[in-house]
Amino acid sequence: MSRYEPSQIEPKWQTAWDDAGVFLARRDPAKPKYYVLEMFPYPSGRIHMGHVRNYTMGDVVARFMAAKGYSVLHPMGWDAFGMPAENAAMERGGHPKDWTYQNIADMRGQMKPLGLSIDWSREFATCDPEYYGQQQSMFLDMLAAGLIYRKAAMVNWDPVDMTVLANEQVIDGRGWRSGALVERRELTQWFFKISDYSAELLEALDGLKDWPEKVRLMQANWIGKSRGLQFAFTTHGAPEGFDRLDVYTTRPDTLLGASFAAISPDHPLAKHLERHDPAVAAFVAECRRGGTSAEAIETGEKLGLDTGITVLHPFDNDWQLPVYIANFVLMDYGTGAIFGCPAHDQRDFEFATKYSLPIPPVFIAEGTEEAALTEAYVPMKSERVTYVRGFAGQTDQTGEAAVLAAITECEARGVGRGVTNYRLRDWGLSRQRYWGCPIPVIHCDTCGVVPEAKENLPVRLPDDVTFDKPGNPLDRHPTWRDCTCPKCGAAAKRETDTMDTFVDSSWYYARFTSPHSDTPTNAEDAAYWMNVDQYIGGIEHAILHLLYSRFFARAMHKTGHLPASAIEPFNALFTQGMVTHEIYKTTDAQGRPVYHLPEHVGEFIIGPARFVFLKAGLEEGETTISSGVLARLKAANQMVEVIPSAKMSKSKKNVVDPMNIIAQFGADTARWFVMSDSPPERDVEWTSSGADAAFKHLSRVWTLCSRIGEMPADHKGEGDDALLRATAKAVDEVTKGIETFAFNKAIATLYGFTNTLSKANASTPAMKHAIRTLAQLMSPMVPHIAESIWTYQGGAGLCTQAPWPKADPTLLTLDTVTLPIQINGKRRAEISVPKDMPVAEVEKLALADEDVVRFLAGQPVKKIIVVPGRIINVVI
RNA sequence: GCGGGCGUGGCGGAAUGGUAGACGCGAGGGUCUCAAACACCCUUACCGCAAGGUGUGUCGGUUCGAGUCCGACCGCCCGCACCA
């Protein structure tokens, strides 16, 4: 066996796998199925280390499950609609379609060398008319089923470019291109009725046992179930038709701490006042300045305007509260109107302080005196309070108990009723952009909104569009907009909004089960392959993508596109961390930061000190750094400041291109590195020393394989039994590691096993068996080198298709165990005992141990605790 | 602002409530070499010659025993509905 040269073996094995068709997913009734899916990529044009990590994880699982005898589905596709393609068209000319498909070709070309076990025959892009046509068909089904409706909603409006902006296009309240102050504007848009499923989506989270707890928690909080009181204030001085003001509160227990009422600038009352009062109009316009994102609204300055209207406190008709219009009150939540209790809510407190409103406390900390507050008083869980302004029925309760008691009391008094409310809003799917799935409806002057006829699907995006002007090119397309009404045949206009790209990604997992079917799904294929057994992707999708997919699967079931068993489409979810890298920074003459690419930076280490410098500062032929060179680099400002590990981003220039790594070390090294060291759910820092180490280790295994291959066939050794035990232990630990996504631990085991094997003195057959097993255990992570070793050591067929090794349980247990002995919780000694020794005898042995006797120094033993096989603790 | 997560050697990290630091990196020492690179071997939490002591962000609690469980605090990171 020659030297380890990945560039020689990797393409060879990839061809061998393709020729044998080993990754083609087939419905096989004789085998259990396993569907593993990584979140499909956006085709930006370049794969990055995050992709390598994500797909390697999925690949390890897919290869492992295939070796365990499952019929595996492991597909790949492209989330291909979205803004970057339009931005590229605007910046560089060209067409979003060409840009996207070229990027797909480029990325496919970069992914193939990774040697992933993907069934490429199922590949599709969401911008393929074959895909989005089926999506349009489902849109029509869902529209007919009452799952989709239209209503007015806010968008970010750029008044200079006259275009709608995405939240990410709003920077510090201004349009990213025009720099104009962004306004909120109302448009009629399409919505999915996801809120109909609030309760179900929340309750079903309990059944998702193999999802990370934190994702379920985040979704639960997002859905935001709350129990509160809805009641009506009687208004005083309000315009006609507004004699009641409905309010929802989750804190009815603080009702007697009310100080003011506030309505959203989008509340019907505010809109009414706006038309008649210039001061209100000016204020509301001020509120509508700035973006629509929750972050922009919540972190902006809290502003209010006294409308002059008052409301009567429901418990005391002589008590009047002023009504404000306030920019932090959201129309989408509750009733768009609140009552403010500054004593027990920090935001209300700040508002009341700003506008000099009273701050009456409802309760105070037990044992304290009522005093002026400097901040809102919100008791901790364990804290006890005394009510100073409570109403009948209120005791010293706090928290949920107090809220529920208050609801009961209010209902008894005829003040409102308890209601369950959800924070989850309906999903707005309209986008005023070109590069998305056209919404298949037609606007007819006589018939109104009419669904496109199914036989006319797909409604294709027109190719002849330009991006020289801001806004949606579909709006100004000469002929595409014009059409005839499917109902009355009169001239009509197409909807020019396209769908949110989250729609595309909400059902692609189902499409993979029959990617070229002429219906959205095929019943037999969906029944066989669904659900996704293991879904893998970034935590950034923990809420929106996953929640939308869960909703969409239900909507697909309701419209007959998925079986009832698939309404929770992802059985298990794994969220992996990011790949990070250091940032290298210098400053220019003006003191502005300048960032440098990792490959332009060198480093050397003297003792604990690390020096990082620009390679450009070296002179020709300089490979080592002497003190003279160091001094020169320092003087020439070629030393670099290192900013610790951060998300890879182009602007910070800390991106490591996987293609460079593959060229230098091979795909196996890249795969091995991203799976080792860090646990997969956590961030992993890419380091060049780590990549070197991964390559060195694979080379060591290669050399070891050669050595074993050259051993004489009749070589005898003493260590067969020990090697057999070590092999069984490695099989057991690697198997468990992969099953629990503890890939870093599986790899640590493989390091240990390699060390054991290289030091072993065993017979040739035992050594060969051990290294073949090592190759198998490594193969999910580094399949190419594993194939080479497997073949070289006489393994039958492809290592990829060999059944996963099993550990003989009798080889896993030892006859004697070493038990640590603690005295008062501190480790003082240890003894070796047979593994089945009775507790009483272990106690006797422990107390007789000479170290124990020395430490006890004659003191009486109060208690002795023996945890069999674990530990002994002597208490004195 | 709201919601979520994470804090363990010089670094990445390991540890069903039971010997804290597996494994890897880095560093130090050695073998080989004319020398270097490679490779291999040893050492490596901190203080201490040692005996021993101290250590998992901080403070407190539960327990025979806490990195792990509970409470409060501090720091960092992520998401916030039109980015994908």
Side-chain angles (χ1 to χ4, degrees), chain A residues 39-42 44 79 81-84 155-156 164-170 189 212 214-215 217-218 220-222 224 291-300 302 328 332 346-347 380-382 423-433 500-502 504-505 538-545 547-548 577-578 605-608 610 624 644-647 676-679 681-685 687 689-690 692-694 696-697 699-700 703 742 744-745 747-752 755 758 818-822 824-830 862-865 867 869-875:
Chain A
M39 291 180 185
F40 67 163
Y42 179 79
S44 61
D79 189 12
F81 276 134
M83 288 199 304
V155 293
N156 299 305
V164 176
L165 298 177
N167 280 342
E168 79 157 9
Q169 296 172 317
V170 178
Q189 305 184 64
K214 67 173 169 180
V215 173
L217 192 59
M218 284 163 89
N221 286 329
W222 189 260
T292 60
S293 73
E295 192 187 2
I297 293 165
E298 297 284 328
T299 55
K302 309 284 177 283
F328 60 86
D332 289 324
Q346 187 60 24
R347 189 165 58 182
M380 288 183 296
K381 271 186 195 170
S382 52
R423 208 181 66 102
L424 183 64
R425 309 200 300 250
D426 278 335
W427 171 14
L429 67 105
S430 300
R431 297 290 180 272
Q432 295 71 39
R433 274 186 274 279
D500 178 8
T501 55
F502 273 121
D504 312 335
S505 55
I539 186 72
E540 66 273 21
H541 295 291
I543 297 174
L544 291 183
H545 163 61
L547 192 62
Y548 290 157
M578 294 181 301
I605 288 158
I606 302 175
R610 179 178 175 212
T624 55
S645 212
K647 188 174 186 165
S676 57
D677 286 349
S678 283
E681 68 275 16
R682 243 191 267 182
D683 292 352
V684 63
E685 183 180 345
T687 59
S689 59
D692 284 339
K696 271 186 202 170
H697 177 71
S699 302
R700 255 197 305 270
T703 309
N744 54 327
K745 285 190 266 172
I747 285 184
T749 299
L750 288 167
Y751 271 105
N755 288 340
S758 67
T818 303
L819 293 180
I821 303 174
Q822 294 183 331
N824 283 348
K826 284 197 181 298
R827 182 179 174 279
R828 296 300 185 186
E830 63 180 38
K862 280 193 197 139
K863 199 170 170 185
I864 178 161
I865 291 148
V867 184
R870 278 283 172 193
I871 202 165
I872 301 156
N873 193 9
V874 181
V875 184

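Computation of the quantities below employed the complete heavy-atom set of this structure, encompassing side-chain atoms and omitting hydrogens, waters and symmetry-equivalent molecules. In the text below, chain A, chain B and the rest are named by the order of the sequence lines, each starting its count at 1.
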### Message
Tell me whether A:Ser678 contacts the main-chain N or O of A:Asp683 through its side chain, where contact means a donor paired with an acceptor under 3.5 Å.
### Response
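Between the backbone of A:Asp683 and the side chain of A:Ser678 there is a qualifying donor-acceptor contact (under 3.5 Å).
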
Is any side-chain N or O of [X] closer than 4.0 Å to OP1 or OP2 of [N]?
{"X": "A:Arg431", "N": "B:rC82", "value": "yes"}
{"X": "A:Thr501", "N": "B:rA84", "value": "yes"}
{"X": "A:Arg682", "N": "B:rA14", "value": "yes"}

In the structure shown, which nucleotide is the Watson-Crick or G-U wobble counterpart of [N], with both distances under 3.5 Å?
{"N": "B:rG24", "answer": "B:rC11"}
{"N": "B:rA45", "answer": "B:rU54"}
{"N": "B:rG60", "answer": "B:rC70"}

### Query
Would you call B:rG9 syn or anti, using the 90° rule around 0?
syn

Students often get this wrong, so: under 4.0 angstrom with heavy atoms, is [X] touching a base, only sugar-phosphate, or nothing?
{"X": "A:Lys862", "answer": "nothing"}
{"X": "A:Ser430", "answer": "base"}
{"X": "A:Val875", "answer": "sugar-phosphate"}

Hey, does the side-chain of [X] have a donor or acceptor N/O within less than 3.5 Å of a partner on the base of [N]?
{"X": "A:Arg828", "N": "B:rU19", "value": "no"}
{"X": "A:Gln432", "N": "B:rC82", "value": "yes"}
{"X": "A:Gln189", "N": "B:rC82", "value": "yes"}

Can you tell me how far [atom1] in [N] sits from the matching atom in [M], rounded to whole Å?
{"N": "B:rG48", "M": "B:rU54", "atom1": "C1'", "answer": "11 Å"}
{"N": "B:rG67", "M": "B:rA14", "atom1": "C1'", "answer": "11 Å"}
{"N": "B:rC46", "M": "B:rG10", "atom1": "C1'", "answer": "12 Å"}

### Task
Take the protein atom CG of A:Leu544 and the nucleotide atom P of B:rC82, then report the distance between them rounded to whole Å.
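The answer, rounded to whole Å, is 7 Å.
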
### Task
Please state how far atom CG in A:Asn873 lies from atom P in B:rU63, giving the value in whole angstrom units.
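From A:Asn873 CG to B:rU63 P: 15 Å.
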
### Parallel, tilted or perpendicular, as decided by the 30° and 60° cut-offs, for the rings of A:Tyr751 and A:His697
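Correct class here is tilted.
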
### Query
Can you name the nearest heavy-atom pair linking A:Leu819 to A:Gly869, along with the distance?
CD2-C, 3.5 Å

